[in-house]
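Structure record follows, encoded as structure tokens.
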Amino acid sequence: MSDAALAEPTVLAEVANGVGRLVLNRPKALNALDLDMIRLLTEALEAWREDPAVRLVTIEGAGGRAFCAGGDVRAIRAFVLAGELDAAEAFFASEYRLNRMIAEYPKPYVALIDGISMGGGMGLSIHGSHRVVTEHAVMAMPETAIALFPDIGASYFLPRLPGRLGLYLALTGARISPGDAIYARLATHHVPRAALESLKAGLARSGLAALEAHAHRPPESLLAQARAAIDDCFAPDTVPEILARLEARGDAWAKAQLDTLARMSPTSLCVTAELLRRGATMSLADCLAMELRLTRKVIVHPDFAEGVRAQVVDKTRDPKWRPATVAEVDPAAILAMFD
Ligand code: QUE
């Protein structure tokens with residue numbers, strides 16, 4: 001028998017005791033979101049929207065390591081290299097449609113984040129009404145490392161985080177802790193892993209009241225400690241000005257940020273800063289439409305295939321960016337990508 005015939009479904013969807021339960025079920029790939037999973041999630045949410053047997057929806061990841069590590073950028077890269085740009089666009093369009101459906105969902109949507117949630121995984125959680133993090137949660141928008149940009153509605157939600165946290169997370173791809181996620185308002189409740197089964201039983205028995213009943217005090221936030229430095233150094237809207245502020249600051253924290261930013265695609269950093277500047281005053285629907293237009297330009301830039309190769313396919317972590325520095329990026333070329 002083929003692997004496909006033996007394979008379990010990549011999304012489990014079941015209704016019991018008033019709860020529509022979604023499980024991302026590709027644990028070997030850290031539940032990374034492929035087109036099939038997007039279709040299955042969309043179909044389940046559509047079916048449950050008007051179903052009186054579903055009072056609330058939960059979503060979680062199988063396998064204990066990840067909620068969802070991202071989108072299927074490996075497949076997108078293969079489409080780009082094969083010249084199948086329509087297939088790449090279809091992926092992003094269906095992913096962003098799902099993000100919007102979650103944001104507009106008429107029932108409570110509770111994401112249980114007990115592990116890695118990055119990129120596309122953030123798109124399945126952040127737009128929902130409630131986001132629970134366990135002590136094992138790790139969140140990030142790491143797309144500048146693969147020369148993509150923070151998408152899935154990030155141009156809407158990141159500029160709306162406190163101070164300049166959103167631009168900081170978008171440019172550096174910083175991985176943040178459960179305490180940070182609550183501090184930044186990316187998460188709403190902290191529940192220990194050991195209490196998740198009890199929380200799920202409580203959600204079925206008494207609905208959303210179970211969230212408050214199971215919530216623990218959030219752990220300490222490192223992001224809170226860095227907040228003044230972040231707000232100061234990431235105050236400008238352009239990357240060269242941010243780099244200049246970090247260089248002028250010159251302390252260990254600033255040097256660490258400069259080291260991180262030096263590994264990211266310079267083109268992607270500049271695209272990302274402009275994207276968040278624009279998204280700050282736009283609706284979620286308009287932000288998602290802007291991001292979809294931008295994917296067409298960004299995925300055909302050579303940095304994208306190179307970034308996915310270096311970080312995801314070969315894992316050599318040695319991307320060769322062109323241009324190689326922010327100073328060499330032509331601001332007019334960045335603006336042209338938003339046309
Ligand atoms: C930056 C990213 C992603 C990444 C690594 C980065 C990303 C993404 C994946 C990923 C993870 C697991 C998989 C997979 C892809 O890795 O967006 O197919 O199984 O989806 O440094 O932005």
Side-chain angles (χ1 to χ4, degrees), residues 3 7-8 10-11 23-38 41 61-81 87-88 91-92 94-96 98-99 113-126 136-155 157-158 166 168-176 186 259-269 271-272 275-276 291-292 294-295 298-299 301 303-321:
D3 280 359
E8 279 191 70
T10 53
V11 172
V23 181
L24 306 168
N25 190 34
R26 220 154 65 91
K28 282 186 197 140
L30 299 178
N31 302 321
L33 188 63
D34 64 20
L35 188 55
D36 217 41
M37 294 163 76
I38 293 168
L41 291 167
R65 285 175 62 211
F67 174 77
C68 171
D72 196 357
V73 289
R74 203 185 278 265
I76 303 288
R77 176 176 181 268
F79 289 141
V80 171
L81 295 179
F91 178 93
F92 288 119
S94 56
E95 183 182 23
Y96 300 172
L98 174 59
N99 298 146
I113 303 159
D114 182 28
I116 299 164
S117 177
M118 297 192 191
M122 295 294 285
L124 298 181
S125 49
I126 196 69
H136 300 287
V138 178
M139 286 184 174
M141 291 301 290
E143 290 87 352
T144 56
I146 56 167
L148 192 58
F149 56 86
D151 63 340
I152 54 90
S155 61
F157 69 78
L158 287 178
Y168 166 75
L169 295 176
L171 294 177
T172 65
R175 275 119 173 101
I176 65 168
L186 292 167
D259 283 351
T260 298
L261 294 170
R263 293 198 301 273
M264 306 310 189
S265 159
T267 298
S268 182
L269 289 174
V271 164
T272 297
L275 179 71
L276 266 62
E291 291 170 11
L292 185 59
L294 194 54
T295 61
V298 167
I299 65 178
H301 188 290
D303 277 7
F304 174 71
E306 169 64 0
V308 176
R309 180 203 65 75
Q311 302 290 357
V312 181
V313 179
D314 298 343
K315 297 191 170 66
T316 52
R317 321 245 181 244
D318 63 345
K320 304 283 183 290
W321 306 125

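Since this is a predicted model, take the numbers as computed values, not measurements. Numbering of ligands and ligand atoms starts at 1, following listing order. By convention here, the first residue in the shown sequence is residue 1.
Scanning both residues, T144 and S268, for their nearest heavy atoms gives CA-OG, 3.5 Å.
Regarding atom 1 (C) of ligand 1, its nearest protein heavy-atom neighbour is P142 O, 3.4 Å. The protein heavy atom nearest to atom 11 (C) of ligand 1 is A69 CB, 3.8 Å. Counting protein heavy atoms only, atom 13 (C) of ligand 1 is closest to A32 CB, 3.6 Å. Atom 6 (C) of ligand 1 has its closest protein heavy atom at I146 CG2, 3.9 Å.
Between the side chain of R317 and the backbone N or O of Q311 there is at least one donor-acceptor pair closer than 3.5 Å.
Within a 6.0 Å sphere centred on NZ of K315, other residues, nucleotides and ligands contribute more than 12 heavy atoms.
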Steps toward side chain to side chain contact (heavy atoms under 4.5 Å, CB included) verdict (D318, R309): CA-CA 9 Å; D318 63 345; R309 180 203 65 75; 3.1 Å; yes

Does the pair F79 and I299 meet the rule for a side chain to side chain contact (heavy atoms under 4.5 Å, CB included), with working shown? CA-CA 10 Å; F79 289 141; I299 65 178; over 6 Å; no

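The shortest heavy-atom distance from V73 to ligand 1 is under 4.0 Å.
Of all the listed residues (G70, G71, A29), A29 holds the heavy atom that lies closest to atom 12 (C) of ligand 1.
Ligand 1 places these atoms under 4.0 Å from at least one heavy atom of E143: 22 (O). Of all atoms in ligand 1, numbered sequentially from 1 with element shown, those under 4.0 Å from a heavy atom of V312 are 4 (C), 5 (C), 15 (C), 16 (O).
L186 places a side-chain heavy atom less than 4.5 Å from the side chain of I176.
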